> 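Would you mind keeping the following structure in view while I ask a few things?
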Amino acid sequence: MNEGVIMVVSGPAGSGKGTVCKMLYASGDFCPSVSRTTRDPRPGEVDGVDYSFVSREEFLRLLAEGDFLEYNSYCGQFYGTPKSAAERIIASGKNLLLEIDVNGAKQVKEKCPNAVLVMLLPPSFAEQERRLRYRGTETEELIQKRLEQTREELKSLSVYDYIVYNPTGETERALENIRAIAAAERCSLDRRASAAEDYFANKN
Ligand code: 5GP
């Protein structure tokens, strides 16, 4: 069976990452991962759908067992991507899409060297700044903070395998590129060490 790909998509504010990932999930070509968190559910949130809500003790136990592809803490609560669920998804032949930041992406690559890291970018820094201002949802201070964060994050660009640009009005092309990356990676001999064996065993 041709395994699915673990694909990480990162992108700075204004890259269109949220929209692109939503469209990839909706197309059925990529599965999302349900993160585990120690925070309490908010009204309307469903356990196992929005998050898998676990106690601090449970989270730390799973962490000690190595069952996180990556994790982080925000406001005193832990959040992480479960490894066992990710492995189940790719073993079933589906692609897993993780929408996470540079720090999380590095952790995933360490645990799963076969994971494919994609950085989604606006066509230029000037265009990113224009989009953030045009959106009008953030204060000048926050816009500056996000731009500074982009400078910091892009210092780690070399850990990524691919860059996909997302010019305004060309979302479809960005989607096509991401799908093409996943398709090419699935054919990569690196991840198909047993390809000849499988072929002779009629296992495909
Ligand atoms: P919230 O509590 O608002 O749902 O999420 C707080 C923060 O945790 C957000 O920035 C969200 O992106 C991040 N987050 C959610 N799930 C995960 C995860 O599995 N891993 C990491 N590293 N961050 C996550």
Side-chain angles (χ1 to χ4, degrees), residues 4-26 30-90 94-121 128 132 135 137-139 141-157 159-161 166 178:
V5 172
I6 297 180
M7 182 179 272
V8 169
V9 174
S10 306
S15 62
K17 178 181 55 145
T19 307
V20 163
C21 289
K22 249 189 222 121
M23 290 169 89
L24 289 170
Y25 296 136
F30 293 86
C31 288
S33 156
V34 179
S35 297
R36 293 192 188 111
T37 182
T38 56
R39 80 152 165 76
D40 290 332
R42 295 188 188 124
E45 282 184 337
V46 178
D47 188 29
V49 176
D50 299 287
Y51 281 107
S52 174
F53 297 96
V54 296
S55 66
R56 217 174 166 79
E57 293 69 40
E58 175 77 347
F59 195 100
L60 293 174
R61 185 182 65 76
L62 292 163
L63 185 61
E65 283 174 6
D67 195 24
F68 280 100
L69 276 180
E70 61 80 44
Y71 77 103
N72 210 343
S73 66
Y74 296 93
C75 307
Q77 301 294 341
F78 289 118
Y79 296 78
T81 307
K83 191 172 172 199
S84 41
E87 285 172 350
R88 267 199 306 278
I89 290 172
I90 61 163
K94 293 181 185 140
N95 298 319
L96 178 74
L97 179 64
L98 305 172
E99 196 183 331
I100 48 183
D101 67 359
V102 172
N103 178 38
K106 283 182 185 166
Q107 294 180 54
V108 172
K109 193 72 170 178
E110 263 168 38
K111 303 250 169 62
C112 292
N114 266 346
V116 184
L117 309 192
V118 176
M119 175 63 80
L120 185 72
L121 288 178
Q128 184 190 355
L132 291 181
R135 213 151 78 165
T137 51
E138 276 128 15
T139 59
E141 196 190 342
L142 205 53
I143 290 174
Q144 290 305 330
K145 225 168 144 185
R146 294 208 186 282
L147 293 173
E148 190 45 46
Q149 195 181 351
T150 304
R151 283 198 188 89
E152 261 320 296
E153 291 203 339
L154 290 197
K155 285 181 186 162
S156 301
L157 190 56
V159 307
Y160 284 78
D161 301 298
N166 189 18
I178 293 174

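Note that ligands are numbered from 1 as they come in the structure, with each ligand's atoms numbered from 1 the same way. Throughout, residue positions are numbered sequentially from 1 according to the sequence presented. This one's a predicted model, so the numbers in the text were calculated from it and none came from an experiment.
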> Per the side chain to side chain contact (heavy atoms under 4.5 Å, CB included) rule, which among Asp161, Val118, Asn95 passes with Met7?
Val118

> Should Tyr71 be counted as touching ligand 1, given the test is an N or O pair under 3.5 Å?
no

> Quick one: are Lys109 and Val159 in side-chain contact, heavy atoms under 4.5 Å?
no

> Report yes or no: does Ile100 have a heavy atom closer than 4.0 Å to ligand 1?
no

> With heavy atoms only and a cut-off of under 4.0 Å, state how Arg36 meets ligand 1: side chain, backbone, both or neither.
neither

> Does ligand 1 have a heavy atom under 4.0 Å from the side chain of Arg42, from its backbone, from both, or from neither?
side chain

> Looking at ligand 1, would Gly80 count as a contact under a 4.0 Å heavy-atom criterion?
yes

> Specify the protein heavy atom at minimum distance from atom 24 (C) of ligand 1: its residue, its atom name, and the distance to 0.1 Å.
Tyr79 CB, 3.7 Å

> Give the residue and atom name of whichever protein heavy atom lies nearest to atom 11 (C) of ligand 1, and the separation in Å to one decimal.
Tyr51 OH, 4.5 Å

> Looking at atom 22 (N) of ligand 1, what's its closest protein heavy atom, distance included?
Glu70 OE1, 2.8 Å

> Is any heavy atom of the protein nearer than 4.0 Å to atom 17 (C) of ligand 1?
yes

> If we set the cut-off at 4.0 Å for heavy atoms, which region of Arg39 has an atom near ligand 1: side chain, backbone, both, or neither?
side chain

> Hey, is Asp50 close enough to Arg42 for a salt bridge, meaning N to O under 4.0 Å?
no

> Looking at Arg61 and Glu65, is any side-chain nitrogen of the basic one under 4.0 Å from a carboxylate oxygen of the acidic one?
yes

> Quick one: is the NZ or CZ of Arg36 closer than 6.0 Å to the six-membered ring centre of Phe59, and within 45° of its axis?
no

> To which protein heavy atom is atom 13 (C) of ligand 1 closest, and what is the distance rounded to 0.1 Å?
Tyr74 CE1, 3.4 Å

